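Just below is one structure, and these are the notes that go with it.
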Amino acid sequence: ENCRNKTTNLAHSNSDILCSCVPPGLGGSFVPDTTVWPWATLADRHRELAVGGRWRPGACTARQRIAIVIPFRDRDEHLRILLQNLHPVLQRQQLEYQVFVVEQAFPHIFNKAALMNIGFHEAKKSIPFDCIVFHDVDMLPADDRQPYTCFQSPVHLGAYVDKYKYGGLYVPMFGGVAAFTKQQFEDVNGFSNSFFGWGGEDDDMRLRIASARLNIYRHPVEVSRYRMLQHRRDHRNPTNPFRGVAYRYRPTVYARNGVNSIKYKTHAYEEKPLYTWLLVEPVSSV
Ligand code: UD2
Ligand code: MN
């Protein structure tokens with residue numbers, strides 16, 4: 001099913017056996033496990049991973065190589081919960097992947113969109129990915145049939161969230177989890193670097209996508225449910241008072257403010273057992 005029409009099968013090797021269109025080991029919907037295990041226990045349970053949170057199927061060639069980018073700061077428990085649910089899903093889907101946690105150094109106001117742009121540049125250095133998935137740390141997949149892969153349009157994977165009544169609350173949203181091919185992400189020039197604090201960057205991305213004449217693809221609600229972990233607003237992520245300011249939404253701005261203009265410093269890089277960790281600091285607003 002996944003292979004028909006919309007999937008782009010990007011694996012380059014012709015000599016190997018490609019993994020099948022519908023991975024054989026999928027289990028359908030499940031209840032995410034929200035137990036908080038110590039990191040050492042998690043590392044022990046995930047010996048299948050190569051250092052840095054890398055994995056690929058042993059018996060076939062994955063149809064796509066995926067970079068998972070998690071914008072992050074100060075949500076250690078959420079990260080543990082997410083990873084213990086996400087790794088098994090990606091493996092059942094027979095994907096080749098690497099997980100990147102892009103953490104923003106204190107003390108500045110959180111800039112999730114800038115972290116995602118940085119994740120794009122950093123991931124390129126480690127894995128020749130076909131598809132990049134931006135993933136909120138608190139979004140737990142609850143069905144392994146929704147593929148973490150790219151299609152002809154950017155995919156909004158996080159469209160149906162329990163907290164938002166599985167999409168019944170707002171319709172035009174683009175938050176939570178989303179997948180882009182390299183080309184799609186460059187065509188929209190990534191995210192704006194100008195959204196500090198909570199809100200707006202996902203709406204700006206919807207407009208970037210429309211402005212690049214791309215559509216947004218969403219999988220059927222039956223397979224694409226997420227559970228969002230409860231949390232309060234974080235320290236240093238206040239609501240952005242400019243989140244709705246219209247001048248941000250100008251196509252002329254998109255071309256010069258985005259993944260092509262992000263500047264940042266990397267303070268730390270470490271390949272941990274479950275993920276590759278980057279501690280970064282965006283250094284300019286445009
Ligand atoms: C919604 C969107 C989210 C984003 C946000 C507005 C969904 C399901 N989620 O999430 O994608 O667009 O609104 O900005 O539509 N984070 C940290 N540390 C912090 C602050 C944020 O790690 O101090 C990261 C983390 O990955 C988190 C994400 O940023 O999941 C989004 O922040 P949030 O969870 O506070 O925002 P929320 O739930 O309103
Ligand atoms: Mn959240």
Side-chain angles (χ1 to χ4, degrees), residues 32 34 67-83 85-86 99-120 132-143 146 154-180 188 190-209 216 218-219 221 224-245 248-249 274-275 277-282:
T34 54
I68 305 276
V69 169
I70 303 169
F72 178 83
R73 181 158 75 185
D74 206 15
R75 297 258 202 120
D76 184 73
E77 291 197 354
H78 286 186
L79 184 59
R80 287 187 257 169
I81 296 169
L82 171 63
L83 293 176
N85 286 284
L86 186 59
V99 174
F100 299 87
V101 172
V102 185
E103 175 170 350
Q104 185 174 343
F106 273 100
H108 302 293
I109 292 180
F110 197 67
N111 188 332
K112 179 188 160 186
L115 298 180
M116 295 190 282
N117 285 339
I118 293 167
F120 179 84
I132 184 162
V133 178
F134 300 102
H135 209 302
D136 277 15
V137 76
D138 54 19
M139 289 280 284
L140 307 180
D143 195 307
Q146 168 161 255
V155 189
H156 184 203
L157 292 113
Y160 307 110
V161 186
D162 59 352
K163 180 182 165 185
Y164 302 130
K165 310 269 182 273
Y166 294 112
L169 237 49
Y170 309 85
V171 177
M173 290 214 322
F174 197 69
V177 186
F180 297 81
V188 301
F191 289 91
S192 167
N193 298 307
S194 304
F195 287 83
F196 291 88
W198 182 90
E201 85 296 334
D202 47 346
D203 296 325
D204 179 78
M205 175 51 89
R206 270 197 302 118
L207 298 169
R208 284 173 181 249
I209 291 170
I216 293 175
R218 292 186 178 88
H219 292 287
V221 58
S224 69
R225 290 174 196 263
Y226 280 85
R227 155 139 198 239
M228 192 166 112
L229 289 164
Q230 296 286 338
H231 61 80
R232 280 174 302 184
R233 190 63 58 74
D234 303 89
H235 176 54
R236 300 245 118 213
N237 191 28
T239 299
N240 177 1
F242 306 110
R243 68 190 178 286
V245 173
R248 310 261 195 226
Y249 301 157
L274 274 82
Y275 61 91
W277 176 62
L278 286 136
L279 182 65
V280 302
E281 183 186 347

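Note that ligands are numbered from 1 as they come in the structure, with each ligand's atoms numbered from 1 the same way. For clarity, every value in this text was computed on a predicted model and none was experimentally measured. Computed from heavy atoms alone, side chains included, the values below leave out hydrogens, waters and symmetry copies.
- In this view, D143 and S29, R145, V223 satisfy the side chain to side chain contact (heavy atoms under 4.5 Å, CB included) rule, not counting sequence neighbours.
- Contact detail for P238 and I109: the closest heavy-atom pair is CD-CG2, 4.0 Å.
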- Report the C-alpha separation of K112 and D202 in whole Å, then their side-chain angles, then the decisive distance to 0.1 Å, and conclude whether the salt bridge (Lys or Arg N to Asp or Glu O under 4.0 Å) test is met. CA-CA 10 Å; K112 179 188 160 186; D202 47 346; over 6 Å; no

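- Every residue meeting the ring pair (Phe, Tyr, Trp, His ring centres under 6.0 Å) condition with Y275, not counting sequence neighbours, appears here in chain and number order: W39.
- If you look at F180 and F120, their ring centroids are not closer than 6.0 Å.
- Between F174 and H156, the ring planes lie tilted relative to each other; the angle falls in the 30° to 60° range.
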- Task: Give the C-alpha distance, both sets of side-chain angles, the deciding distance and a yes or no for salt bridge (Lys or Arg N to Asp or Glu O under 4.0 Å) between R80 and D76.
- Result: CA-CA 6 Å; R80 287 187 257 169; D76 184 73; 2.8 Å; yes

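- Rounded to the nearest 0.5 Å, atoms OG (S192) and CG (N117) are 8.5 Å apart.
- Within 4.0 Å of ligand 1, counting heavy atoms only, the contacting residues are P71, F72, R73, R75, F110, K112, D136, V137, D138, M139, Y164, M173, G175, G176, W198, G199, E201, D202, M228, H231, D234, N237.
- Residue-and-atom listing of protein N/O/S atoms under 2.8 Å from the Mn ion (ligand 2), sorted by chain and number: D138 OD2, H231 NE2.
- Of the candidates R227, Q230, H231, H78, H231 is the only one forming a side-chain hydrogen bond (donor to acceptor under 3.5 Å, both in side chains) with D138.
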